[in-house]
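Worksheet for the structure shown next.
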Amino acid sequence: MPDDILTPARPKIPVTPVVQDLKIEKQLKTFSVQSRNAALKLIARKPDPAAPPPIPERKISIEALRPQVKRFHGAKLLLAYFPGSLWRTPCADKFGYLTSKAIRDATKLPFDLATQTLLGKLGDFMADPSRGAGTDSNIPAGYTYFGQFVDHDITLDISSTLETPVDATTINNMRTPSLDLDSVYARGPALDAFLYAFPQSGPPTAVKMQLGSNKPSGNGGPGGAGGFGGMQVQRDFDLPRVVNPLDPALTTNTAIIGDPRNDENLIVSQFHHTMLKFHNQVVDGLVAIGFSGDIFVEAKKVVTHHYQWAVVHDYLARVCGNAAVTAALTNVTAAPNSAFAMPVEFAVAAYRFGHSMIRDVYWVNFVQIGASLGDVFSFARAPNLPVLSNWVVDFNAFFTTGFSVPVNNKAKKIDSVMAPGLDTLPGFTGLMAMLATRNLRRGLSLGLPSGQGVAQHYGIPAMSAAQIKQGLPAGEAALLDSNGGILLSKTPLWYYVLREAMVLNGGNQLGPVGGRIVAETFVRMLKRNPDSFLNVSGGFTPGLPSAVAGDFTVADLVNFAGVTVP
């Protein structure tokens, strides 16, 4: 493969925050343009002197991608401009199973009317609004929506059914299971040029992501050291959208992004916007240091590796526990480009723990101090699009960024209770019960093993019936005891994972079965992806500015993207 960007050097970088450039108090952890550029200069790949010079056609080919030119035919581009899954790895576009057929057959619930009725009643108990919203966990609320963003990067099932038994191996996964940010970059600037902003001057490879504009409606977003008084009328804190300035009737405000699900609610939409700015900041830094290679390719690599690191060492460490993550990194083996099928034990059960972490009310910014879950969805829909400037999210209230805000939203504990606010979502009635029942029924139709079956698969002691019922309302406990206690001996995997988290870890992280499914699935995806940070020659150490040198968290990501300051 032709590549004029060769082996990276990734030294640890001691970063000294310089706050005066951002005009905020010294104790706030942020980083100057100078420190950003210094970090990028160190992590950027150095061209190999022995490598052949770039092909003359490259500049012409990049120019051909501009929307006003559109002469892609015959263009010569690096394969790195395209998702590796299109040209490098074997097919990984199916779902599959983690456990053996023998374990599934022995431990799954029967697909019959009696079981479907039981699961419907269990779903009703999980969605009983009288149980309230539950208590807060120690996990910042932003990770609920970061988890949703990550899910949209790795899975999309558009063909399974709840009505009949289905073999997971026949279902297509419409996302690449590689944590390659195809939900952001899609198929790259050559094939999906509408997502990109091509430079009008300077290096032709300094390709950025398109940004959108806000509808002016007052001050919003972060206030920084000035608090309420530091807020501004935000102008570029939205996704790019379909707008027809000549005929407003043809303006749909449809988000122009790699995965439309990332415009489902205000918080995940604003996080996708953050990822666009993250890429653009890296591009600016590479241009500033005079990087001589292909800037887009290098920027995408820097962004993706730091994102992957944050998924493993920040997000998974929080929801699975450090021990589970360390064990997965040590024990999971998966050769680069090895075959892979997304396990439904992960996608349909264990990774759906986030549904229980949703809050009913969020502190969005200094203006929107008590936004309901319904608001969070309504303000990513017409007539509130483009995103209103006074609804721009202050991510300092969703992650531990070092900036002081009056409220730090915490996710609800991982348990078997759905957020009552789900029933307030636009256009839905009874969504809580619908969501819980559909999750349970989907596991049934796909023939998932029980929680006890996966515990057997891993050699982990299963929870007892008494543990599963611990702390439950009398009616729900009685339902679990009914029909010979079948739901206690063959507990639906999703429900088991949620109960395990609450009973064994107080709802602050997944239990041993759920944590292992989630941690190992992510690590396997990354180890089999030849372009992941786990396969960087010589190892990878984050080099972008961070609160702790050599580490990189989601909080560091939003700080670097520039969305936590006015």
Side-chain angles (χ1 to χ4, degrees), residues 22 65-68 145 149 183-186 189 192-202 206-224 230-284 287 299 303 364-368 371 375-396 398 426 557-566:
L22 296 176
L65 298 180
R66 294 183 187 278
Q68 67 269 31
Y145 297 92
F149 175 87
S183 61
V184 172
Y185 293 108
D192 289 332
F194 54 88
L195 297 175
Y196 295 88
F198 293 86
Q200 300 303 305
S201 61
V207 180
K208 292 185 174 183
M209 308 304 300
Q210 294 273 12
L211 299 175
S213 301
N214 299 100
K215 182 185 293 185
S217 57
N219 296 343
M231 299 174 71
Q232 301 176 5
V233 177
Q234 304 297 340
R235 304 186 186 281
D236 66 344
F237 271 65
D238 193 16
L239 305 173
R241 299 184 181 278
V242 176
V243 176
N244 189 319
L246 300 179
D247 187 351
L250 298 179
T251 292
T252 64
N253 281 309
T254 301
I256 306 172
I257 53 178
D259 191 314
R261 296 175 296 171
N262 282 348
D263 197 32
E264 178 182 84
N265 63 68
L266 178 69
I267 302 172
V268 75
S269 176
Q270 290 273 280
F271 188 81
H272 189 106
H273 158 266
T274 297
M275 292 300 297
L276 303 181
K277 283 195 169 177
F278 182 28
H279 172 87
N280 291 353
Q281 288 278 62
V282 174
V283 168
D284 284 342
V287 171
V303 166
V364 173
N365 59 39
F366 284 94
V367 175
Q368 316 302 341
D375 291 334
V376 167
F377 277 74
S378 292
F379 282 89
R381 286 166 170 73
N384 301 313
L385 292 175
V387 167
L388 306 184
S389 61
N390 65 336
W391 276 88
V392 168
V393 172
D394 184 348
F395 276 117
N396 299 299
F398 289 83
L557 188 157
V558 296
N559 276 338
F560 183 83
V563 300
T564 55
V565 292

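Contact of the Asn262 side chain with the Met275 side chain is not registered, since no non-hydrogen atoms from C-beta on lie closer than 4.5 Å. In this structure the side chain of Val303 never reaches within 4.5 angstrom of the side chain of Phe560, judged on heavy atoms. The shortest distance between side-chain heavy atoms of Val565 and Pro222 does not fall below 4.5 Å. The shortest distance between side-chain heavy atoms of Pro199 and Val287 does not fall below 4.5 Å. At least one side-chain heavy atom of Lys208 sits less than 4.5 Å from a side-chain heavy atom of Asp284. Contact annotation: the side chain of Leu211 approaches that of Lys277 to within less than 4.5 Å [non-hydrogen atoms, C-beta and beyond].
Between Phe398 and Phe395, the ring-plane angle classifies as perpendicular under the 30° and 60° cut-offs.
Between Trp391 atom CH2 and Ser378 atom OG the span is 8.5 Å, to the nearest 0.5 Å. The structure places CG of Asn219 at 7.5 Å from OG of Ser389, a figure rounded to the nearest 0.5 Å. Annotation: the span from Asn214 atom CG to Arg235 atom CZ amounts to 9.5 Å, rounded to 0.5 Å. Taken from CD in Glu264 to CG in Asp259, the straight-line distance is 10.0 Å, to the nearest 0.5 Å. The distance from the CZ atom of Phe237 to the CG atom of Asp394 is 9.5 Å, given to the nearest 0.5 Å. In this structure, CG in Leu239 is found 7.5 Å from NE2 in His273, a value given to the nearest 0.5 Å.
Screening Thr254, Asn253, Ile256 for a side chain to side chain contact (heavy atoms under 4.5 Å, CB included) with Val243, the sole residue that qualifies is Asn253. Between Gln368 and the choices Val376, Val392, Leu388, Asn390, the side chain to side chain contact (heavy atoms under 4.5 Å, CB included) rule is met once, by Asn390.
Using modelled atom types, no side-chain atom of His272 and backbone atom of Arg261 make a donor-acceptor pair closer than 3.5 Å. In this structure, the side chain of Tyr196 engages the main chain of Tyr185 through a donor-acceptor pair within 3.5 Å. Under a 3.5 Å cut-off, the side chain of Gln210 and the backbone N or O of Pro240 do not form any donor-acceptor pair. Although no hydrogens or angles enter the test, the distance criterion places a donor-acceptor pair under 3.5 Å between the side chain of Asn280 and the main chain of Met209.
Between Phe149 and Ser183, the shortest heavy-atom contact is CZ-OG, 4.2 Å.
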I'd like to know whether Leu385 forms a side-chain contact (heavy atoms from CB on, under 4.5 Å) with Val387, so could you lay out the CA-CA distance, the side-chain angles of the two residues, the decisive distance to 0.1 Å, and finally the verdict. CA-CA 5 Å; Leu385 292 175; Val387 167; 4.2 Å; yes

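With ring centers used as reference points, Phe271 lies 6.0 Å or more from Tyr145.
Between the side chains of Asn244 and Thr251, no donor-acceptor pair of N or O atoms lies under 3.5 Å.
A salt bridge between Lys215 and Asp238 is absent, with no side-chain N of the basic residue lying under 4.0 Å from a carboxylate O of the acidic one.
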